[in-house]
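Residue numbers begin at 1 in each chain, while the letters A, B, ... track the order of the sequences.
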Protein chains: 2
Amino acid sequence: MSSTAQGARARARMEVTAAIKDEARRQLAAEGAAKLSLRAVARELGMVSSALYRYFPSRDDLLTALIIDAYDSLGECAEAAQDKAADAGPVQRWTAVAEAVRGWGLRHPHEYALIYGSPVPGYTAPDTTVPPASRVGLVFIGILRDAHRGPGLAEPPLPAELRPEAERMAADLAPDLPPANVAALVASWAELFGLVGFELFGQFNRVVEDRETFFRHAAARLAHGVGLVEGGQ
Amino acid sequence: MSSTAQGARARARMEVTAAIKDEARRQLAAEGAAKLSLRAVARELGMVSSALYRYFPSRDDLLTALIIDAYDSLGECAEAAQDKAADAGPVQRWTAVAEAVRGWGLRHPHEYALIYGSPVPGYTAPDTTVPPASRVGLVFIGILRDAHRGPGLAEPPLPAELRPEAERMAADLAPDLPPANVAALVASWAELFGLVGFELFGQFNRVVEDRETFFRHAAARLAHGVGLVEGGQ
DNA sequence: AATTTGAGAGAGCGGTGCTCTCGCTTGAGA
DNA sequence: TCTCAAGCGAGAGCACCGCTCTCTCAAATT
């Protein structure tokens with residue numbers, strides 16, 4: 001038997017669950033997380049609100065499901081951009097992924113706010129969100145790793161005071177890369193999302209006009225900062 | 001007559017308004033913006049909820065008032081840090097202000113989320129929030145300006161493609177500074193808040209351990225990126 | 001065929017933002 | 001000094017929310 005076909009009732013459950021998530025995502029995209037209401041989702045689906053609790057034990061659990069989906073969607077988008085730029089130089093690959101992240105955010109602002117804005121439910125992110133959340137970071141690590149194996153990766157300066165933490169991070173995240181590069185990568189990773197967040201959340205409103213080119217060059221600057229060098233295989 | 005004493009009725013109004021904001025800020029700090037409720041504020045103040053609408057036309061207006069106060073509190077904190085480090089070198093002054101921003105965020109996470117997290121009400125930030133929101137940025141501009149007049153400010157590379165936007169930003173923000181520095185400053189400004197946001201919102205949870213030193217060095221790196229040079233006046 | 005399981009309906013609880021009306025107090029102008 | 005309008009708080013009420021509990025009924029399992 002196919003693994004997706006075990007039990008006819010289980011399939012129906014999957015379908016209803018998917019329908020709920022779809023409608024919830026629709027409302028999320030339209031009005032934002034604050035306005036997402038279980039009752040409205042149920043209403044739109046033609047059922048009564050209490051029936052929804054057979055599928056999600058609470059509103060926050062629905063939100064968590066949407067968060068995981070959003071992380072996966074963004075991660076997939078970043079991976080696709082990385083694959084598409086596989087033949088380009090390290091800096092170009094980095095900026096391609098960065099622009100993919102920004103593009104996804106512009107296309108899905110409310111979902112971006114859900115995962116990189118203020119934590120909505122109550123601060124505690126379940127462990128199930130960790131793997132999907134890591135996907136984008138792993139893409140960047142992969143770019144560094146390829147550069148390290150290939151044309152070379154410049155080592156940014158690493159202050160002595162920072163070395164222990166850099167070595168710890170490197171051991172956790174990418175033992176094959178120099179700690180200096182890993183520490184710079186983590187910082188640039190956060191800084192990149194700072195750029196995207198400021199644009200999406202309106203902080204650039206009367207400041208940056210040509211955001212496309214501004215972002216592209218800021219991303220390239222970050223790429224150089226982590227040690228990626230122009231040109232390449 | 002003192003400007004604060006015109007009308008006894010007006011003063012009472014000011015006092016009640018302040019009491020409402022204080023209690024609202026208390027609840028905001030305790031539970032976050034999502035849990036802030038007009039009714040609970042009124043209850044705590046011993047009045048009925050409808051009475052509150054004499055002072056704030058809606059919950060979002062209360063939130064807006066808190067947003068403005070938060071921007072001012074953060075701005076004041078940044079200005080104080082800058083004053084305290086007035087005698088240090090440009091890089092030290094930059095990192096001092098950066099650490100002040102981070103420290104304020106750690107002390108007031110919910111207020112930080114309110115102003116730099118996902119926009120809660122409905123995206124439109126009233127124009128009254130613009131001046132308080134600019135204060136932190138102005139502190140950074142001031143540091144660059146002092147360095148420009150003083151021991152010198154290195155000019156970061158400015159790609160030709162970015163030059164028009166950089167000149168536009170410089171004309172708007174700091175006509176006396178080189179466009180290359182202004183463009184780098186705007187990027188670093190956003191990147192700095194990316195670092196703070198990632199720490200506060202839990203993105204560093206299983207990644208960065210010694211956040212204090214990690215942040216200090218990341219901030220110093222940003223300072224160098226905008227052209228500030230070590231050693232000082 | 002009998003029985004267990006699970007899905008949906010409905011009512012209901014306590015809470016929310018917000019509106020409207022009604023008295024009452026009080027400060028300010030005649 | 002007196003009057004009166006303005007401003008304030010109280011209260012009831014509307015529509016909505018998340019969530020719980022019970023009931024019924026159909027379908028899947030045994």
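- Computed from coordinates, the A/M47 CE to C/dG6 C1' distance equals 14 Å when rounded to whole Å.
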Quick one: which protein N/O atoms are closer than 3.5 Å to N/O atoms of nucleotides 20-28 of chain D? Pair and distance per line, please.
from: D/dA28; atom 1: OP1; to: A/R9; atom 2: NH1; distance (Å): 2.5

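- Residues B/S134 and B/V130 form a side-chain contact, since some pair of their non-hydrogen atoms from C-beta on lies under 4.5 Å apart.
- Whole-Å rounding puts the B/E44 CD to C/dT16 P distance at 12 Å.
- The distance from atom CG of B/D61 to atom P of C/dG17 is 13 Å, rounded to the nearest whole Å.
- Taking the ring centroids of B/F140 and B/W94, they lie under the 6.0 Å cut-off.
- With sequence neighbours left out, B/R145 forms a side chain to side chain donor-acceptor pair (under 3.5 Å) with B/D176.
- Residue contacts shown for B/Y55 are limited to sugar-phosphate atoms, with no base heavy atom under 4.0 Å away.
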Measure all distances between protein nitrogen or oxygen atoms and nitrogen or oxygen atoms of nucleotides 14-17 of chain D, and list the pairs falling under 3.5 Å.
from: D/dC17; atom 1: OP1; to: A/S37; atom 2: OG; distance (Å): 2.9
from: D/dC17; atom 1: OP2; to: A/R43; atom 2: NH2; distance (Å): 2.5

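- Relative to the axis of its first five pairs, the axis of the last five pairs of the helix from C/dA1-D/dT30 to C/dA30-D/dT1 sits at 10°, rounded to 10 degrees.
- Atom CZ of B/R13 is separated from atom P of C/dT26 by 17 Å (rounded to the nearest Å).
- Under the side chain to side chain contact (heavy atoms under 4.5 Å, CB included) criterion, A/A70 pairs with A/W104, A/E111, A/I115, not counting sequence neighbours.
- The closest side-chain donor-acceptor pair between B/S58 and B/D61 falls under 3.5 angstrom.
- Between the CG atom of B/L52 and the C1' atom of C/dT16 there is a distance of 14 Å, rounded to whole Å.
- With sequence neighbours left out, the side chain to side chain contact (heavy atoms under 4.5 Å, CB included) criterion links B/A81 to B/A100.
- Taking B/H108 as the reference, nothing meets the side chain to side chain donor-acceptor pair (under 3.5 Å) condition, with sequence neighbours excluded.
- In this structure, CZ of B/R11 is placed 18 Å from P of D/dG7, rounded to the nearest angstrom.
- A salt bridge links B/E191 with A/R221: the closest approach of a Lys/Arg side-chain nitrogen to an acidic carboxylate oxygen falls below 4.0 angstrom.
- With sequence neighbours excluded, the residues that form a salt bridge (Lys or Arg N to Asp or Glu O under 4.0 Å) with B/R206 are A/D127.
- Taking 4.0 Å as the cut-off between side-chain N and carboxylate O, B/E79 and B/K84 do not count as a salt-bridged pair.
- Here B/E212 pairs with B/E99, B/R102, B/D210, B/R216 under the side chain to side chain contact (heavy atoms under 4.5 Å, CB included) rule; sequence neighbours left out.
- For B/R168, the salt bridge (Lys or Arg N to Asp or Glu O under 4.0 Å) criterion is met by A/E209, B/E165, B/D172, not counting sequence neighbours.
- Taking the ring centroids of B/F201 and A/Y116, they lie at or beyond the 6.0 Å cut-off.
- In terms of the side chain to side chain contact (heavy atoms under 4.5 Å, CB included) criterion, residue partners of B/A51 (sequence neighbours excluded) are, by chain and number, B/M47, B/V48.
- Here the P atom of nucleotide D/dC19 and the CG atom of A/L63 are 11 Å apart, to the nearest Å.
- In the region residues 23-30 of chain B, proximity to DNA chain C at under 4.0 angstrom, judged on heavy atoms, holds for none of the residues.
- Rounded to whole Å, the distance from CG on B/L45 to C1' on D/dC8 is 15 Å.
- The side chain of B/A51 approaches D/dA10 more closely than any other nucleotide in the set D/dA10, C/dA9, D/dC8.
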